[in-house]
Amino acid sequence: GGMEYPMITFNKPRPYADKTYWDERQKDDDKTWERSKYGLISVIIHEVGHNYFPMIVNSDERQWTWMDEGLNTFLQFLAEQAWEDDYPSRRGTPEKMVEYMAGEAQVPIMTNSDSVLQLGNNAYGKPATALNILRESIMGRELFDYAFREYARRWEFRRPTPADFFRTMEDASGVDLDWFWRGWFYGTDHVDVAITDISLYLIDTRDPEVEKAWRREQEDAREPDLTKQRNAGMQRLVDRRPELRDFYNDFDEYAVTPYDYAQYEKFLATLNDHERVLQETDRNFYTVTFENRGGLVTPLPLRITYADDAVEEVTIPAEIWRRNADSVTKLFITDREITGIEFDPYRSTADADTANNAWPRQPEKTRFQLFKEKEEPNYMRREDKEAWEQPIQ
Amino acid sequence: MNALRALLATVGLAALLAAGGAFAHPFHSSYAEIGWSDGGGQLEVALRVIPEDLEAALSRQEADTVVLVQSPPVLRAIETYLQATFQVQGADGRVRPVSLGGFEAGYRETWLYFTVEAADSETLSLRHTVLLDEDITQRNQTRRLWEPGADVLVFTADQPRQTLWAPQPQDSSSTR
């Protein structure tokens, strides 16, 4: 732990006098050195960061703890990620906030700090995560960085309030973010978007050669029911007594007749040029329904997989929820067949339930199952090298 | 006298600053996932804690400094601690035994993996006081994997015990 005032000199953990991070006699796979190293680097980054927030951009940390701790934790995360590859930041990435945001007994970030529950998550982690999402997924790094710098520049040696921060970010970027501040800072909802329905629509060409062939294909693809399966090969009455056969015994309902051609020509004659072009469109129309189960609106980053294994990534802005914050249906027009759609493939929205993010549904293993599947010897075998090197019988 | 006043002023200022200040480790929460084993008969738990908090609790329990390394004494200490603080009880009031499978300790977090002997035919309650002895504001969030994803139980000093599992009716399919 640490503190930003003069007692910063007492922050810990500390390396040894010989500059090693931990006792060298520890086994290599005991990562205690990791905690000593990263613990100290992180706390120094954080406490030194306070020189700016709130020492220079002097927000009221008793009223709104998040305005210094949250912003500082966010900048701490950026600094840690700039330190080395795979720096194990404890806060900042969206998935680390999921359990807190999906839990009960929360209060909004905007709550006065004397009344906050779970101060660490509320004032440090959640604001940092929100700003990270704003930077990576909503505004983009360039726009966010410009707006954030502008806030720091305008309010250095001054006393900003939350409204000043919100207004400056919008003013400098030109992006309307009222939905974002409301959801993340004034509410306690979480992100949980589910893909609940996917429907495919194709143009009915009305061409009998095309449509009847398609219907025949659909019928042939259907599994016969049990009765049909068990009656296969059975001799019917019309087989024993051919005189009972009539027109409909040999009739092929999917054969194209002159009447069908005539109806088609009649239909084509009613179309104008524009309608003819649409009629001949050979495209797939997918409607995908997203349900907002968590309450917090979010952009929809999607990964779409096609039948030819091509992958497309598209992000639908949060404004899609503007008219209905509970459920939206989006139309996708494609040349290719879609074989899979996944919401938030890079875990960038703090979605609380990833089990409903994909179509088709992806099975998920629990953490316990993943731990059991690791190839490590059980407790009883670890005392003896010979024992743990033996294959499991 | 001036020196004394200066000392008192410094102490007072330091106290004032400390009272109004912030700190880099204000997180006191844990997260657990609980599910039934494939064959039933056991609850499988994955519990995430802040490693420094767990070390402090184990050190207090053992009356000696405990560092999270993969050694039998540490494993035993963790199992003992969990038996005392993660208590699953049936209707008979008997606390079910805990068996530690292992743990993973890293800078970001420490995960403890353990099982609890229990039967899905009985109503079970959970008394979850892990790390509550370290900080009264500790909040232990617990996700039951047989419930919807966002359904999370929260255990605090005010509410250390809650119903964990109620048996399913005979004629409905199990949702384990």
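Chain letters run A, B, ... following the sequence lines, proteins first and then strands; every chain starts at 1.
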task: Show the numbers, then the answer: is there a side chain to side chain contact (heavy atoms under 4.5 Å, CB included) between B:H28 and A:L119?
output: CA-CA 9 Å; B:H28 295 286; A:L119 182 70; over 6 Å; no
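- For A:S89, the part lying under 4.5 angstrom from a heavy atom of chain B is the backbone only.
- Counting heavy-atom neighbours within 6.0 Å of A:R347 CZ, excluding the residue itself, gives a total of 12 or less.
- The part of B:E33 that comes within reach of chain A is its side chain, from C-beta onward, which places non-hydrogen atoms under 4.5 angstrom from that chain.
- The aromatic rings of B:Y113 and A:F371 lie parallel to each other, their planes meeting at an angle below 30°, with 60° marking the opposite boundary.
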message: For B:T115 and A:F368: C-alpha separation, side-chain torsions, deciding distance, then whether side chain to side chain contact (heavy atoms under 4.5 Å, CB included) applies.
response: CA-CA 10 Å; B:T115 57; A:F368 196 94; 3.5 Å; yes
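- For A:R293, no part lies near chain B; criterion is any non-hydrogen pair under 4.5 Å.
- Enclosure of atom CG in B:D92 by more than 12 non-hydrogen atoms of other residues, nucleotides or ligands within 6.0 angstrom is indicated.
- Within a 6.0 Å sphere centred on CZ of B:R108, heavy atoms belonging to other residues, nucleotides or ligands number more than 12.
- With a 4.5 angstrom heavy-atom cutoff, B:Q138 does not touch chain A via any of its atoms.
- For B:S29 against A:Q118, the heavy-atom pair with the smallest separation is CB-OE1, 3.9 Å.
- Between B:E44 and A:K372, the shortest heavy-atom contact is OE2-NZ, 2.7 Å.
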task: Kindly indicate, with the supporting measurements, whether the criterion salt bridge (charged side-chain N to carboxylate O under 4.0 Å, His left out) is fulfilled by A:R90 and B:E52.
output: CA-CA 13 Å; A:R90 282 187 170 177; B:E52 293 81 29; 3.0 Å; yes
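- To the nearest 0.5 angstrom, B:E104 atom CD is 9.5 Å from A:L370 atom CG.
- Rounding to the nearest 0.5 angstrom, the gap separating the CZ atom in B:R143 from the OG1 atom in A:T366 is 10.0 Å.
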task: For the pair A:R367 and B:R48, evaluate side chain to side chain contact (heavy atoms under 4.5 Å, CB included) and give the outcome as yes or no after the intermediate values.
output: CA-CA 11 Å; A:R367 283 174 231 267; B:R48 188 194 69 217; 5.8 Å; no
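- Proximity of a side-chain donor or acceptor of B:Q141 to a complementary backbone N or O of A:E99 within less than 3.5 Å is detected.
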